[in-house]
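I have placed the structure first, in the form of structure tokens, so that the comments after it can refer back to it.
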Amino acid sequence: MPTPPPTSPTSSPSSSSTPPSSTPASTLPAASDAPVVPRYARSEAAFAQASQVLPGGVNSPVRAYQSVGRNPIFIARGHGSRVTDIDDHEYIDYVGSYGPLILGHAAETVVAAVHKAMARGASFGMPTEAETALARMVVDAVASIDVVRFVNSGTEAVMSTIRLARAATGKPRIIKCVGCYHGHTDALLVQAGSGATTLGVPSSPGVPDSITQHTALVPFNDLAAVEAVFAQHDDVAAMVIEPIAGNMGTIPPAEGYLQGLRELCDKHGALLVFDEVMTGFRVAYGCAQALYGVTPDLTCLGKIVGGGMPCAAYGGREDLMRQVAPDGPMYQAGTLSGNPVAMAAGLATLEALADSDQAVYARLEKQAARLETGLTEAAEASGVPLAVQRVGSMICPFFTDKPVRNYEDAISCDTQAFAAFFRKMLDLGIVLPPSQFETWFVSREHDDVAIDQTVSAAREALAELA
Ligand SMILES: *Cc1c(COP(=O)(O)O)cnc(C)c1O
């Protein structure tokens, strides 16, 4: 989501993508440069309409499909592993709402729980027992979390966690990895290009240098770079990291990397923050920290914890979390935080995952491994270089012949090949996240039929690319 592709496809402006309207066309923003495809006529029209009243026609940039050189499809509904667009094409879906939908679309138990909660009232601004119930499930599931606070988005969770880390340590500096995404909070909306201890340069206008000057950037999977920051600065509050990088494709931590970060943070009196907004409840019920056996001081959760509703959380060690208002002085609040409908969706989702010896995770592993093998074999058959990387149900085929270990490796991939692959897969009934730098999500509902259909489509798409 975060990392714009190094090159974006260019095509000549097309007047046919101009929204139909009585307003003179010249005053309207072009919906996009992409040519209109008749097969997708309703989506094209919907996008033109949307572009009149929403920036880029969307409410989150990657949905605009710019890096894959076409206009987005508009979705009518989803069920299980599939979504249907407004032109009535059905797709096997690997977007999964960018992570929350581990149980698939419109999971029966989640829908029922949401209906029930909504019928009792959408929001009260007074406590409900559902908040305690979901908090209890989170505390029981995640070893490092003693106390948890619910918020409304992953961005808010990370923003609050940074404030807490700074409040608790009395220090300002945050270390972050190049290519890791932690939401659009000012302090972490920093990209890099250069060396380990480079001071952060904002990657968006509107973010003052005075905020990002406290952000130090390091390459993912590079312990020496983190050590160098600590050697140079004694004002580090926290190292914030996605334990499995999922926002520049899928990049697992190198052996010993997370353990090394734990040791460095301890040695230098800094906190270790795991941003598990994507990985939390995705790669294991105990989150990535359970998978790798490393205990962070604070953890950010989102996506799955809200079961598809706007909900996220941050939590950790008791002594730290008791500094949050009203127990302590670190102020953080929210009108809709712990919203009963969101709590109901989260509870129904976690209940399905907690169930019976991690059966859902065993199934996810099996189905995602089937997809990994299928994609790898399809690439070999076609001769297209493809590095398929996976942790559990997070998977990404990189268009490169080398393993991808960090952002620099990721941006060296053939994004034009990915874009062509994406468009062909869409025509074949498979919807992927529209960027080389996104993780695909396998859900509980991706059965053998769905995986095998995906692999045979990939075979055809890759053969065309070769
Ligand atoms: C999605 C994501 C976020 C941001 O969450 P939003 O709910 O989109 O604000 C933060 N961190 C990571 C690792 C994410 O994947």
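Numbering of ligands and ligand atoms starts at 1, following listing order. Computed from a prediction, not measured in an experiment: that's the story for all the values here.
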Check each atom of ligand 1 against the heavy atoms of [X] and keep those under 4.0 Å away; list them by number with element.
X: Ser153; result: 7 (O), 9 (O)
X: Tyr181; result: 11 (N), 12 (C), 13 (C)
X: Asp275; result: 10 (C), 11 (N), 12 (C), 13 (C)
X: Gly154; result: 4 (C), 5 (O), 6 (P), 7 (O), 9 (O)
X: Lys303; result: 1 (C), 2 (C), 3 (C), 14 (C), 15 (O)

What I want to know is whether [X] and ligand 1 share at least one N or O pair that is separated by under 3.5 angstrom.
X: Thr155; result: yes
X: Val158; result: no
X: His182; result: no

Judged by modelled atom types alone, do [X] and [Y] share a side-chain donor-acceptor pair under 3.5 Å?
X: Thr250; Y: Thr439; result: yes
X: Tyr94; Y: Thr454; result: yes
X: Arg282; Y: Ser393; result: yes
X: Gln332; Y: Arg149; result: yes

Give the contacting part of [X] toward ligand 1: side chain, backbone, both or neither, where contact means a heavy-atom distance below 4.0 Å.
X: Asn247; result: side chain
X: Glu242; result: side chain
X: His184; result: neither

Shortest heavy-atom approach to atom 10 (C) of ligand 1 - which of Gly183, Gly246, Cys311, Cys300:
Gly183

So, Asp297 and Arg262, do they make that salt bridge, N to O below 4.0 Å?
yes

Closest approach of Ser43 to Ile73 (non-hydrogen atoms, all atoms of both residues):
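Heavy atoms only, the tightest pair is OG-CA, 3.4 Å.
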
Could you tabulate the donor-acceptor pairs under 3.5 Å formed by side-chain atoms of residues 107-136, not counting sequence neighbours?
{"from": "Thr128", "atom 1": "OG1", "to": "Glu131", "atom 2": "OE2", "distance (Å)": "2.9"}
{"from": "Glu131", "atom 1": "OE2", "to": "Thr128", "atom 2": "N", "distance (Å)": "2.8"}

Please identify which of these residues, Val273, Val151, Leu298, Asp275, meets the side chain to side chain contact (heavy atoms under 4.5 Å, CB included) condition with Val158.
Asp275

Report yes or no: does a heavy atom of Glu156 sit under 4.0 Å from some atom of ligand 1?
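In this structure, Glu156 fails to qualify as a contact of ligand 1 - no heavy atom is under 4.0 Å.
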
According to side chain to side chain donor-acceptor pair (under 3.5 Å), who are the partners of Glu318, at least two apart in sequence or on a separate chain?
Arg322

